[in-house]
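Structure first, commentary second.
As the structure is a computational prediction, the values presented were derived from the model and not from experiment.
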Amino acid sequence: MTAAARLAGGALVLIAYAWALKPSPAAVAPVANGSATDVERWLAVSNDAYAAGRYADALEATSRLVTRFPTQQAYAERLARISGKLNRAADEAAAWERFTDVSPTPVDACPAIGQAYARAGEPQKSLEAFERCVSFDPRDAGQLFFLGLAYEHAGRTADALDRYSKAAALNPSSADVQLGFARLALRANKVGEARQAADAVLARVPSSPDALLVAGLAAERQGRQEDARMYLERALAAAEGYVDVHIALGRIEAGAGRRGEARRHFERAVELDPSRRAELTVWLERVAANR
């Protein structure tokens, strides 16, 4: 069942419930966490504001619906999506946790729950969420890929390789999985293998920012700095908010003595992901304007 269908079903139940209790506004008896009139109003506000993209307006009404109907997964899902739109990653993760507790299909929270924890700066909780996602559906290639990616980020390369291999067995044509293998090859300094995998993806998807990043990093490792810059600038044109691309370009510009350009990329990376500031401090100091 789709999210829209689930939400529509919940709406029909609540509208019928409100109608049964409300022959007139004055006759409505209060119920826990709001009267039937309140419920009807919250539902209308949530529906209208969400449909119009006014997520801040939808937040309070949807939160009240979740409190009033804690076992209705449609409202937990909507609250999670609203929190995501408002960049409230911790709240989004909490809403997805509620969803997994009450939904008969908790896999519907994946991969969003793990991604929300990652954005909230909770890498271990993110990894654990992706592990749960695989447990919900062990033969879902997408969930295996995201768990492999979480293991990759955690430096658990053997576990990452195992999950990528399982995902590849289920979906051999997955570009994401191929690029996972490519990144692991780069970690193992198998630059030619990484470049070959990236080129294969680029032949199918020329504007893939992930493939362009791998190709750029491989070129950088091979000392082909201009080729590396070309790949990375193409990646940035496709995805300006890609933090790792800004960092890679910053390194290349710093190596070429273009401190201003390097500083711009490093500062943009920190702006996009403040949690990366510590790792970039040395680079920012190296390209400081007064040095």
Handout entry: Cluster check Leu149, Leu144: I/L/V/M/F/W/Y, side chain < 4.5 angstrom
Key = yes
Exercise for the section: Taking all heavy atoms of Val245 and all of Leu213, pick out the closest pair and write down the distance. Expected result: CG2-CD1, 4.0 Å
Exercise for the section: State, with a plain yes or no, whether a side-chain heavy atom of Tyr75 is found less than 4.5 Å away from one of Leu43. Expected result: yes
Fill in the blank from the handout: Here the gap from Asp227 atom CG to Glu220 atom CD, rounded to the nearest 0.5 Å, amounts to 12.0 Å
Handout entry: Of all pairs that satisfy salt bridge (charged side-chain N to carboxylate O under 4.0 Å, His left out), the ones with a partner from residues 209-219, not counting sequence neighbours
Key = none
Problem - Ionic contact status for Glu60 with Arg64, cut-off 4.0 Å - result: yes
Problem - Distance (rounded to the nearest 0.5 Å) between Leu232 CG and Leu212 CG - result: 8.5 Å
Handout entry: Close side-chain approach of Phe266 and Val287, heavy atoms under 4.5 Å
Key = yes
Exercise for the section: Ignoring hydrogens and angles, state whether a donor on the side chain of Ser165 or Asp162 is under 3.5 Å from an acceptor on the partner side chain. Expected result: no
Exercise for the section: Find out if a path of hydrophobic residues (ILVMFWY) with successive side-chain heavy-atom gaps under 4.5 Å connects Met230 to Ile247. Expected result: no
Handout entry: Flag, side chain of Ser46 to backbone of Trp42, donor-acceptor distance under 3.5 Å
Key = no
Practice task
Apply side chain to side chain contact (heavy atoms under 4.5 Å, CB included) to Asp38 and Ser35, showing your working.
Solution key: CA-CA 5 Å; Asp38 292 330; Ser35 69; 3.3 Å; yes
Problem - Electrostatic pair Glu128-Lys125, nearest N-O below 4.0 angstrom - result: no
Problem - Test item: Arg268 and Glu240 side chains (from C-beta on) under 4.5 Å apart, heavy atoms - result: yes
Handout entry: Hphob cluster co-occupancy, Leu202 + Leu217, side-chain heavy atoms under 4.5 angstrom
Key = no
Exercise for the section: Compare all side-chain heavy atoms of Gln115 with those of Phe130 and state whether any distance is below 4.5 angstrom. Expected result: yes
Problem - Any Cys133 side-chain heavy atom under 4.5 Å of Phe146 side chain - result: no
Problem - Single-linkage hydrophobic cluster Leu236~Val270, side-chain heavy atoms < 4.5 angstrom - result: no
Practice task
Would you check if there is a donor-acceptor pair between the side chains of Thr157 and Arg187 at a distance under 3.5 Å?
Solution key: no
Handout entry: Pair Asp101 + Arg98, salt bridge at N-O below 4.0 Å
Key = no
Exercise for the section: Determine yes or no for a side-chain-to-main-chain donor-acceptor pair under 3.5 angstrom, with Ser135 supplying the side chain and Arg132 the backbone. Expected result: yes
Exercise for the section: Provide the closest heavy-atom pair for Ala116 versus Ala89 in the form atom of the first, atom of the second, distance. Expected result: O-CB, 3.6 Å
Completion exercise
Nearest heavy-atom approach of Thr67 to Pro70 is O-CD, 3.6 Å
Problem - side chain to side chain contact (heavy atoms under 4.5 Å, CB included) between Tyr151 and Glu131, worked out - result: CA-CA 10 Å; Tyr151 283 141; Glu131 288 176 332; 2.7 Å; yes
Practice task
Check Val214 against Ala198 and note the closest heavy-atom contact, atom names and distance.
Solution key: CG1-CB, 3.8 Å
Handout entry: Exam field: side chain Thr105 to backbone Val107, donor-acceptor pair closer than 3.5 Å
Key = no
Handout entry: Note: Glu253-Arg263 ion pair, threshold 4.0 Å (strictly below)
Key = no
Exercise for the section: Would you check if the side chain of Ser126 reaches a backbone N or O of Gly114 as a donor-acceptor pair within less than 3.5 Å? Expected result: yes
Exercise for the section: Could you tell me whether a side-chain N or O of Arg68 sits under 3.5 Å from a main-chain N or O of Val39, the two making a donor and an acceptor? Expected result: no
Exercise for the section: Answer yes or no: does atom CZ of Arg277 have more than 12 heavy-atom neighbours from other residues, nucleotides or ligands under 6.0 Å? Expected result: no
Exercise for the section: State whether the number of non-hydrogen atoms from other residues, nucleotides or ligands found under 6.0 Å of Gln196 atom CD is greater than 12. Expected result: no
Exercise for the section: Write down the atom of Trp96, the atom of Ala112, and the distance for their closest heavy-atom approach. Expected result: NE1-CB, 3.5 Å
Practice task
Using a 4.5 Å cut-off on heavy atoms from C-beta on, say whether the side chain of Leu65 contacts that of Gln72.
Solution key: no
Practice task
Report whether Leu147 and Phe136 are members of the same hydrophobic cluster (ILVMFWY, side-chain heavy atoms less than 4.5 Å apart, transitive linking).
Solution key: no
Practice task
Indicate the atoms forming the closest heavy-atom contact of Glu152 with Tyr164, along with that distance.
Solution key: OE1-OH, 2.6 Å
Problem - Val102 and Glu77, any side-chain heavy atoms less than 4.5 Å apart - result: no
Exercise for the section: Output every pair passing ring pair (Phe, Tyr, Trp, His ring centres under 6.0 Å) with a member in residues 216-251, not counting sequence neighbours, ordered by first then second residue. Expected result: His246-His265
Practice task
Kindly compute the distance separating CD1 (Ile82) from OH (Tyr50), expressed to the nearest 0.5 Å.
Solution key: 6.5 Å
Problem - Flag side-chain contact, heavy atom, 4.5 Å: Leu179 against Ser208 - result: yes
